[in-house]
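Notes follow once the structure below has been shown.
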Amino acid sequence: MATNDHFCSDQALEKEVLRLKEVLQSITSEQLNTEAELLDTRKKLADLERAFAEQVRGVDSRYRDRMDSLMQQNADLRKHALQTSMEFCQYRANLQQARAPLSTSVRERMRAVVKARSTAKLGVALGLDEQEDNRTRPLSAPGTHGERKLAKEISKEHNVQELRPLSCMPHFHY
């Protein structure tokens, strides 16, 4: 019986070995399939990484070009603004220079008007009537040489020593 048991056990062992070989073969086949899938996945990943890197380079290039363009445009706009500002300052300086003689001329005219009004007010204060003098010009008009001479003579006759500014009537000291 010992041989029979030994034979049974050899058969059982052979069956177990065959079963384990099948399992090993199945695992090996599964491993090969998994390795093939892994290799395919790695190839796909490498392709995707390459495509992604190309797209990133394309986007970087476009935005770098856009940024360069915007920076150049900004520099051009600043230059134009500075030039326009300088032109405006030059225009303003020229305008002020052109107005300077006019303002001097206006000041001189105003002084003449003030002087004429003072003379006219002196004439009114001294009782010179417009109709007696046969004048047709308004008293606010600048005085003529003859009118000024007459006013000076009259002021000497009446001892007029001082004339106040235009805002006041002439002040007489009798």
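Note that the coordinates shown come from a computational prediction; the quantities given were computed from them, not determined experimentally.
L32 CG to L39 CG: the interatomic distance, rounded to the nearest 0.5 Å, is 12.0 Å. Note that the CZ atom of R50 and the CG atom of L45 stand 10.5 Å from one another [nearest 0.5 Å]. Atom CG of D68 is separated from atom OH of Y63 by 14.5 Å, given to the nearest 0.5 angstrom. Within the model, atoms CD1 of I27 and CG of L20 stand 9.5 Å from one another, a figure rounded to the nearest 0.5 Å. If you take CD on Q11 and CD on E14, they are separated by 7.0 Å, rounding to the nearest 0.5 Å. Here the CD-SG distance, from E87 to C89, works out to 10.5 Å after rounding to the nearest 0.5 Å.
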Derivation of the side-chain hydrogen bond (donor to acceptor under 3.5 Å, both in side chains) call for Q72 and D76:
CA-CA 6 Å; Q72 182 63 41; D76 292 344; 3.1 Å; yes

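A salt bridge links R19 to E16: at least one charged side-chain nitrogen sits closer than 4.0 Å to a carboxylate oxygen. Between D65 and R62, no side-chain nitrogen of the basic residue sits less than 4.0 Å from a carboxylate oxygen of the acidic one, so the salt-bridge criterion is not met.
Listed by first then second residue, pairs satisfying side chain to side chain donor-acceptor pair (under 3.5 Å) with a partner in residues 23-32 read Q31-E35, not counting sequence neighbours.
Counting only N and O atoms by type, the side chains of N94 and Q90 include a donor and acceptor under 3.5 Å apart.
Each of R78, H80, M86 was compared with L82 under the side-chain contact (heavy atoms from CB on, under 4.5 Å) criterion, and only M86 meets it.
V56 places a side-chain heavy atom less than 4.5 Å from the side chain of F52.
Judged purely by atom type and a 3.5 angstrom limit, T41 uses its side chain to pair as donor or acceptor with the backbone of E37.
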